[in-house]
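Read the structure below first, then the notes.
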Amino acid sequence: MDVHENDETNTDVSIEVHQNRLVVSGEFSNVESREESGYAVRERRQGKFSRTLQLPPGVKHEDVKASMENGLLTVTFPKTTPEQQPHRITVS
């Protein structure tokens, strides 16, 4: 998940696991100044974001790891074992 646009953007990210759902949320703010045709132009952008993803069955919240490098958020968790995957039942 790409969570910031450039080096001047401040991004505060929070990650939670609740009821087998991974919730990534945060806020960002950016102030940009430039000269344009003899005028000083200042733009401010800010906002909130939130994404919720269903985790596979059997993932323990202690096993979820996250890292951010160059604005790219990487969340990892172990694969589920065959015993933890749902079983298919044929209808006769």
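Any value given below was found using the heavy atoms of this structure, including those in side chains, with hydrogens, waters and symmetry copies removed.
Contact check for Phe49 versus Val13: side-chain heavy atoms found under the 4.5 Å cut-off. The side-chain heavy atoms of Thr52 and Leu22, taken from C-beta on, include no pair separated by under 4.5 Å. In this structure, Thr74 and Thr76 have side chains that are in contact, with non-hydrogen atoms separated by less than 4.5 Å. No side-chain heavy atom of Val23 sits under 4.5 Å from any side-chain heavy atom of Ile15.
Arg45 contributes atom CZ, which lies 5.0 Å from atom CG of Asn30 (distance to the nearest 0.5 angstrom). In this structure, Ser50 OG and Glu16 CD are separated by 9.0 Å, a value rounded to the nearest 0.5 Å. Rounding to the nearest 0.5 Å gives a distance of 7.0 Å between CG of Leu73 and OG of Ser67. The OG atom of Ser29 sits 12.5 Å away from the NZ atom of Lys48 when rounded to the nearest 0.5 Å.
Residues passing the side-chain contact (heavy atoms from CB on, under 4.5 Å) test with Lys60, sequence neighbours excluded: Glu62, Asp63. For Gln54, the side chain to side chain donor-acceptor pair (under 3.5 Å) partners two or more places apart in sequence, or in a different chain, are Arg21. For the side chain to side chain donor-acceptor pair (under 3.5 Å) test, no residue two or more places apart in sequence or in another chain qualifies with Arg42.
Hydrophobic clustering, with ILVMFWY side chains joined whenever heavy atoms are under 4.5 angstrom apart, keeps Val41 apart from Val31.
Nearest heavy atoms, Val59 versus Asn20: O-OD1, 4.0 Å.
A salt bridge links Glu32 with Arg34; the closest basic N to acidic carboxylate O contact falls under 4.0 Å.
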